[in-house]
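Below is one structure, written out as structure tokens; comments come after it.
Since the structure is predicted, the reported quantities are computational estimates derived from the model, not experimental observations. Values reported hereafter were calculated over all heavy atoms of this structure, with side chains retained and with hydrogens, waters and symmetry mates removed. Numbering of ligands and ligand atoms starts at 1, following listing order. Position 1 is the first residue of the sequence; numbering continues from there.
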Amino acid sequence: MRKITIKLNDELRSVYVEPEETLLDVLREKLGVKSPKCGCDRGDCGACAVLLNGRSVRSCLILAIETDGQEIVTVEGISKDGLSKVQNTMLEKNAFQCGFCAPGMIISTTELLGKNPHPNVEEIKEALSGNLCRCTGYSPIIESVQEASKE
Ligand code: FES
Ligand code: FES
């Protein structure tokens with residue numbers, strides 16, 4: 001076991017981790033952060049996405065021990081002071097059905113809109129290409145991002 005300290009959603013958090021524990025498992029099981037989901041556990045679905053130093057990464061593919069001293073933001077952090085624009089448009093447009101993919105989609109769109117506040121449809125599709133949704137056919141999700149980017 002080794003102690004790591006990360007900046008998680010603007011708070012310094014220390015936790016003991018095993019060398020083989022993934023960031024996803026540590027966030028969910030040891031730090032009580034439940035928005036990242038385990039859809040596939042092998043990097044295929046994007047449901048476990050978090051922002052690591054501002055970049056979207058798949059937390060099931062990263063060892064927690066590697067993130068010592070780094071900054072991690074999850075959906076809990078994004079919505080700490082109220083829902084973001086794109087979360088609101090996703091709600092208004094009923095962008096999700098089961099919602100399992102939603103945290104990963106929100107992480108990807110937050111990264112996209114941070115870099116490119118007015119993306120076109122192709123850019124939105126590209127940004128979401130690593131996030132799988134089994135329910136919606138993607139259209140309402142893409143429309144929500146377009147709507148948020150107009151404001
Ligand atoms: S659970 Fe990490 S990509 Fe699917
Ligand atoms: S809303 Fe169900 S997986 Fe996307």
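Each of the atoms 1 (S) of ligand 1 lies under 4.0 Å from some heavy atom of G39. Atoms of ligand 1 found under 4.0 Å from any heavy atom of D44 (numbered from 1 in listed order, with element): 3 (S). Of all the atoms in ligand 2, the ones that sit under 4.0 Å from a non-hydrogen atom of C133 are 1 (S), 3 (S), 4 (Fe). Of all atoms in ligand 2, numbered sequentially from 1 with element shown, those under 4.0 Å from a heavy atom of R134 are 3 (S). With ligand atoms numbered from 1 in the order given, ligand 2 contributes 1 (S), 2 (Fe), 3 (S) to contacts under 4.0 Å with heavy atoms of C135. Annotation for ligand 2: atoms under 4.0 Å from non-hydrogen atoms of Q97 are 1 (S). Those atoms of ligand 1 with a heavy atom of G43 less than 4.0 angstrom away are 3 (S). Within the listing of ligand 2, atoms 1 (S), 2 (Fe) sit less than 4.0 angstrom from a heavy atom of G99.
Using a cut-off of 4.0 Å between Lys/Arg side-chain N and Asp/Glu carboxylate O, K30 and E21 are scored as salt-bridged. Ion pair D68/R2 flagged as a salt bridge, since at least one NZ, NE, NH1 or NH2 atom sits closer than 4.0 Å to an Asp/Glu carboxylate oxygen.
The nearest N, O or S atom of C38 is not closer to atom 2 (Fe) of ligand 1 than 2.8 Å. Checking C40 against atom 2 (Fe) of ligand 1, every N/O/S atom stays at or beyond the 2.8 Å cut-off.
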